[in-house]
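Note sheet for the following structure.
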Amino acid sequence: MTVLGIETSCDETAAAVVSGPDGKTIRSNIIRSQIEAHLAFGGVVPEIAARAHIEVLDDIISQALRDAECDWEDIDAIAATAGPGLIGGVIVGFMTAKAIAMAAGKPLVAVNHLEGHALTARLTDDLDFPFLLLLVSGGHSQFLLVRGVGDYERLGTTIDDAVGEAFDKTAKLLGLPYPGGPAVEQMAGRGDAGRFALPRPLLDRPGLDMSFAGLKTALRTQAKKLEPIDEQTVCDLCAGFQSAVANVLAARTSRALDMFADRFPDQPKTLVVAGGVAANGEIRKSLLQACEAAGARFVAPPMKLCTDNAAMIAWAGIERLAMGPVDHMDMPPRPRWPLDETSGSVLGSGKKGAKV
């Protein structure tokens, strides 16, 4: 089948056409960033983001169809992010998808944005269920057990800041430009990670929960002591912060893989890392080393599919359509939607096999 995917949960307006599940093919994947619109504010402004989606989404969808060399007759279903995310942006994309589905007589698939990230590795790699997922983004940092489509168990999460949020706040604290994650990584590449003794929160506690607010506070305290700080000190602080985050994630990953092995002793251990922070090279390296030490397979989608995109939404739609059910037109957008509350049947409709 061939599915049009729409993604507008934050500050990327995206549309893609993907075919599958056999012969998995990303036929187009168009992403329009809003970085310039939010640059002056040092972060995403929800109202600006929603208006920007409205201005360009129609053109993005048209371009995705052109690049895929297909017409509406070639599209079997419409999949769109229905949450979680900035509610204004979610409404723009999901209501557009509803309008297209109704006008074209196509099935509608309401996709959990996090499920899009979770299933991306099945689009890009030969991957079977179950597997362990580390989801690290601007709004989420959590370990999940992925048993199947719609079958997720959260094993641990951040108790305060998400990893991506901590990167952005650190960048702002040090006077680096938005988006913060790439800026911190770039400066860290020229820094000495061992210059400052920054903490590794919660490593002495059992379980898989994480904390990054204390690390950010420790960095702020260190920076205040050295004001005014020069460029090399900024680089060293970034390197120390990035190293601390990578150490925490690697240690928690080792423990998570042990938990996975206890749950599934006869299954090969596989870690999938997804979300925008998965594009960080140092974090990828530390996670790969943790997997090698545990004898586990490490799977990370290509960089362009780690950040928000519509190909992952279209693929999640394909995975759900392969199970049979689709969603009602009265399915509401959701600003909050935990992945472990995403059922394997119709999302929010309460009726399996419901038709548009």
Side-chain angles (χ1 to χ4, degrees), residues 2-18 26-68 70 72 75 77-101 103-104 106 108-117 120 123 137-140 164 168 178-182 274-277 279 301-317 333-335 337:
T2 298
V3 172
L4 169 69
I6 297 172
E7 157 60 24
T8 57
S9 67
C10 192
D11 61 337
E12 280 91 17
T13 311
V17 176
V18 176
I26 300 176
R27 300 177 61 175
S28 65
N29 190 23
I30 310 302
I31 305 171
R32 182 78 58 85
S33 173
Q34 298 178 6
I35 289 178
E36 292 298 325
H38 302 284
L39 195 58
F41 304 96
V44 179
V45 180
E47 183 178 352
I48 292 176
R51 292 187 179 188
H53 289 313
I54 292 172
E55 291 172 359
V56 303
L57 183 55
D58 288 353
D59 290 339
I60 295 294
I61 293 172
S62 296
Q63 185 179 349
L65 292 172
R66 289 195 302 270
D67 286 6
C70 64
W72 289 114
I75 301 296
I78 314 298
T81 297
L86 300 177
I87 190 59
V90 172
I91 288 173
V92 171
F94 194 44
M95 296 305 290
T96 298
K98 284 186 175 184
I100 293 172
K106 307 290 184 180
L108 171 72
V109 186
V111 174
N112 183 307
H113 175 82
L114 304 182
E115 186 169 44
H117 283 301
T120 297
L123 169 62
S137 66
H140 301 86
D168 288 341
Y178 171 82
V277 179
M303 296 289 191
K304 64 181 180 181
L305 295 180
C306 284
T307 53
D308 292 351
N309 66 90
M312 70 179 190
I313 302 304
W315 175 253
R334 302 181 180 184
W337 192 3

Closer than 3.5 angstrom, by distance alone: can the side chain of [X] be matched with the main-chain N or O of [Y] as a donor-acceptor pair?
X    : Y    : value
S28  : A64  : yes
T81  : E7   : no
T8   : G93  : yes
D168 : G138 : no

[atom1] of [X] to [atom2] of [Y]: how many Å apart, nearest 0.5 Å?
X    : Y    : atom1 : atom2 : answer
T13  : I61  : OG1   : CD1   : 10.0 Å
I54  : M95  : CD1   : CE    : 11.5 Å
I78  : W72  : CD1   : CH2   : 5.0 Å
M312 : I26  : CE    : CD1   : 11.5 Å
S137 : H117 : OG    : NE2   : 6.0 Å

Exercise. Could I get the full list of ring-ring contact (aromatic ring centres under 6.0 Å, His included) partners for H140, not counting sequence neighbours?
Key: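 Here no residue qualifies.
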
Quiz item: side chain to side chain contact (heavy atoms under 4.5 Å, CB included) between V111 and W315: does it pass, once the steps are laid out?
Solution: CA-CA 10 Å; V111 174; W315 175 253; over 6 Å; no

Practice problem: List for me each residue that meets side chain to side chain contact (heavy atoms under 4.5 Å, CB included) alongside I31, sequence neighbours excluded, and say none if there are none. | Solution: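 Expected list: E12, A14, N29, N309.
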
For [X] versus [Y], what's the shortest heavy-atom pair and its separation?
X    : Y    : result
T96  : V92  : OG1-O, 2.7 Å
I87  : P335 : CD1-CD, 3.6 Å
A311 : L305 : CB-CD2, 4.2 Å
D308 : S9   : OD2-OG, 3.9 Å
V17  : L4   : CG2-CD1, 4.1 Å
K106 : A77  : CB-CA, 4.3 Å

Quiz prompt | D11/Y178 under side chain to side chain contact (heavy atoms under 4.5 Å, CB included): CA gap, chis, key distance, verdict | solution = CA-CA 12 Å; D11 61 337; Y178 171 82; 2.8 Å; yes

Under 3.5 Å, which donor-acceptor pairs do the side chains of residues 33-51 form with other protein atoms, sequence neighbours left out?
residue	atom	partner	partner atom	Å
S33	OG	I35	N	3.2
Q34	OE1	H38	NE2	2.8
Q34	NE2	A49	O	3.2
Q34	NE2	H53	ND1	3.3
H38	ND1	V45	N	3.0
E47	OE2	R51	NE	3.4
E47	OE2	R51	NH2	2.8

Quiz item: Are P84 and R334 close enough that some pair of their side-chain heavy atoms sits under 4.5 Å apart?
Solution: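 P84 does not reach R334 side chain to side chain.
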
Exercise. Determine, stepwise, if the pair V18 / V3 fulfils side chain to side chain contact (heavy atoms under 4.5 Å, CB included).
Key: CA-CA 6 Å; V18 176; V3 172; 5.7 Å; no

